[in-house]
Amino acid sequence: MITTDLTPGSPCWLDLGAPDVRAAAAFYGAVLGWEYESMGGEGEEMEGGMFKKDGKTVAGLGKLSEEGARSAWMIYYTVTDADATTQAVEGAGGTVRVPPRDLGEWGRMAQYTDPSGGEFAAWQPGKNAGFELADESGSLSWTELYTSDAAAARQFYGSVFGWQFSDMEMPGGGGPYTIVTPAGKTEDRMQGGLMQLGKEDLSLADGRAYWHPVFAVDDCDAAVAAVAGNGGSVQMGPVDAEGVGRLAVCLDRSKADFVVLTPSSPS
């Protein structure tokens, strides 16, 4: 499970780059019950801010400014030293999108691309450790990488973060699914997965690997109806996954991908 103790190598933050901040804020408010707080003053154009659920910060939202980039969620992982992480990324064959930089007293961040094109980020906490709510309804509950080379992804991320991996067989003979657990943690702290797909199935990112978040919801079908009713679309589902729950792969108004999941009740 994802927690807010933010151990090294675990997800600690995520933000969305959207071409229309106001539309994205309305969409996720309708789908996940999030409240949006702009960083601008009253009456100012909404260029970015924070999403909150029940008064707790769950994610960030900003204007998509990178030319040619697709709207997507960026997942950040806790590190103790962003500069050392950058060296590890480069040493493992990844590239640096944004070199380590200080964000005032809040912390230090950097963004990277893995060798198969998957984009991710690191956060070295300062005053701000990350999100305030996780693994509850309306918050991040899992992270997932779609890649055409799961073996290479295991090698890369294991080198960068020290992640531990284990494989399970997907229901219906869908092949292996690789579970990710932070270094030194037991499998009750599993936080995400790696799924191998053909490049033809990665058309959303033009054949490159990509990460997406999984958000817990109380009612997957109701969340899917809200997605469709607010300008989004559904790529898959809702479907029941044995031992996991009921889930759907969705796109928001700008085709940023995410998953909604109603977890199975504990047996």
(Q) Please enumerate all residues that pass ring-ring contact (aromatic ring centres under 6.0 Å, His included) together with Phe215, with sequence neighbours excluded. (A)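 Testing Phe215 for ring-ring contact (aromatic ring centres under 6.0 Å, His included), a comparison that skips the adjacent residues, returns Trp34, Trp73.
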
Just by distance, with hydrogens left out, do [X] and [Y] show a side-chain donor and acceptor under 3.5 Å apart?
X	Y	result
Thr3	Asp5	yes
Ser116	Asp114	no
Asp218	Ser137	yes

Q.
Using the side chain to side chain donor-acceptor pair (under 3.5 Å) criterion, which residues pair with Thr178? Sequence neighbours excluded.
A.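 Thr178: side chain to side chain donor-acceptor pair (under 3.5 Å) contacts with Asp167.
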
Q: Please identify each residue that fulfils side chain to side chain donor-acceptor pair (under 3.5 Å) with Ser203, with sequence neighbours left out.
A: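 Once residues adjacent in sequence are excluded, Ser203 has no partner under the side chain to side chain donor-acceptor pair (under 3.5 Å) criterion.
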
Non-hydrogen side-chain atoms of [X] and [Y] separated by less than 4.5 Å:
X	Y	result
Leu194	Phe165	yes
Pro182	Gln164	no
Tyr157	Val89	no
Met109	Arg101	yes
Leu261	Val244	yes
Val214	Leu247	no
Leu133	Thr4	no
Glu35	Lys53	no

Donor-acceptor contacts under 3.5 Å from residues 123-130 side chains, at least two apart:
unit_1 : atom_1 : unit_2 : atom_2 : d
Trp123 : NE1    : Asn128 : O      : 2.9
Gln124 : OE1    : Ala82  : N      : 2.8
Asn128 : OD1    : Gly130 : N      : 2.9

(Q) What verdict does the side chain to side chain contact (heavy atoms under 4.5 Å, CB included) test give for Met195 and Glu144, after you've listed the backbone C-alpha separation in whole Å, the side-chain angles of each residue and the deciding distance to 0.1 Å? (A) CA-CA 7 Å; Met195 183 183 295; Glu144 192 167 62; 4.1 Å; yes

Tell me the closest heavy-atom pair linking [X] and [Y], and the distance in Å.
X	Y	answer
Thr262	Cys220	OG1-N, 2.8 Å
Glu119	Trp211	O-CD1, 3.4 Å
Val227	Cys250	CG2-SG, 4.1 Å
Thr85	Phe161	CG2-CE2, 4.5 Å
Leu61	Ala24	CD1-CB, 3.9 Å
Ser71	Ala18	OG-CA, 3.8 Å

How long is the span from the [atom1] atom in [X] to the [atom2] atom in [Y], to the nearest 0.5 Å?
X	Y	atom1	atom2	value
Glu136	Lys56	CD	NZ	6.5 Å
Ser148	Leu202	OG	CG	6.0 Å
Glu67	Leu64	CD	CG	11.0 Å
Arg22	Lys63	CZ	NZ	10.5 Å
Asp201	Tyr146	CG	OH	10.0 Å
Ser139	Ile2	OG	CD1	8.5 Å

Selection [range] - residue pairs positive for ring pair (Phe, Tyr, Trp, His ring centres under 6.0 Å), sequence neighbours left out:
range	result
residues 92-113	Tyr112-Phe120
residues 233-263	Tyr28-Phe258
residues 79-103	none
residues 219-240	none

Q.
Show, in sequence, the C-alpha distance, side-chain angles and deciding distance for Leu197 and Thr147, and conclude whether the side chain to side chain contact (heavy atoms under 4.5 Å, CB included) test is met.
A. CA-CA 6 Å; Leu197 299 171; Thr147 177; over 6 Å; no

Q) Which residues satisfy the side-chain contact (heavy atoms from CB on, under 4.5 Å) test with Ile179, sequence neighbours excluded? A)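 Partners of Ile179 by the side-chain contact (heavy atoms from CB on, under 4.5 Å) criterion, ordered by chain and then number, come out as Trp142, Ser166, Met168, Tyr177, Thr181, Met190.
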
Show which side-chain atoms of residues 7-17 pair as donor or acceptor with protein atoms under 3.5 Å away, not counting sequence neighbours.
unit_1 : atom_1 : unit_2 : atom_2 : d
Ser10  : OG     : Thr7   : N      : 3.2
Ser10  : OG     : Thr7   : O      : 2.6
Asp15  : OD2    : Tyr76  : OH     : 3.0

Q.
Between Leu140 and Asp135, is the side chain to side chain contact (heavy atoms under 4.5 Å, CB included) condition met? List the steps.
A. CA-CA 6 Å; Leu140 183 70; Asp135 212 40; over 6 Å; no

Q: Answer with yes or no whether the hydrophobic clustering places Val239 together with Leu251; edges join I, L, V, M, F, W, Y residues whose side-chain heavy atoms lie under 4.5 Å apart.
A: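 Yes, same cluster.
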
Q: May I ask whether Leu103 and Met50 are part of the same hydrophobic cluster, defined by side-chain heavy atoms of I, L, V, M, F, W, Y residues being less than 4.5 angstrom apart, directly or through others?
A: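 Yes, Leu103 connects to Met50 through the hydrophobic network.
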
**Q.** Greater than 12 external heavy atoms within 6.0 Å of Glu187's CD
**A.**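 No, because the 6.0 Å sphere around CD of Glu187 holds 12 heavy atoms or fewer from other groups.
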
Q: Would you check, one step at a time, whether the test side chain to side chain contact (heavy atoms under 4.5 Å, CB included) holds for Glu37 with Lys52?
A: CA-CA 8 Å; Glu37 290 187 1; Lys52 293 196 171 187; 3.6 Å; yes

Q. With sequence neighbours left out, what residues match Asp102 under salt bridge (Lys or Arg N to Asp or Glu O under 4.0 Å)?
A.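 So Asp102 forms a salt bridge (Lys or Arg N to Asp or Glu O under 4.0 Å) with Arg108.
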
Q. Does the pair Asp206/Lys199 count as a salt bridge with the N-to-O cut at 4.0 Å?
A.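 No.
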
Q) Which pairs, with at least one residue in residues 222-237 and sequence neighbours excluded, count as a side chain to side chain donor-acceptor pair (under 3.5 Å)? A)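 Side chain to side chain donor-acceptor pair (under 3.5 Å) check on residues 222-237 returns no pairs.
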
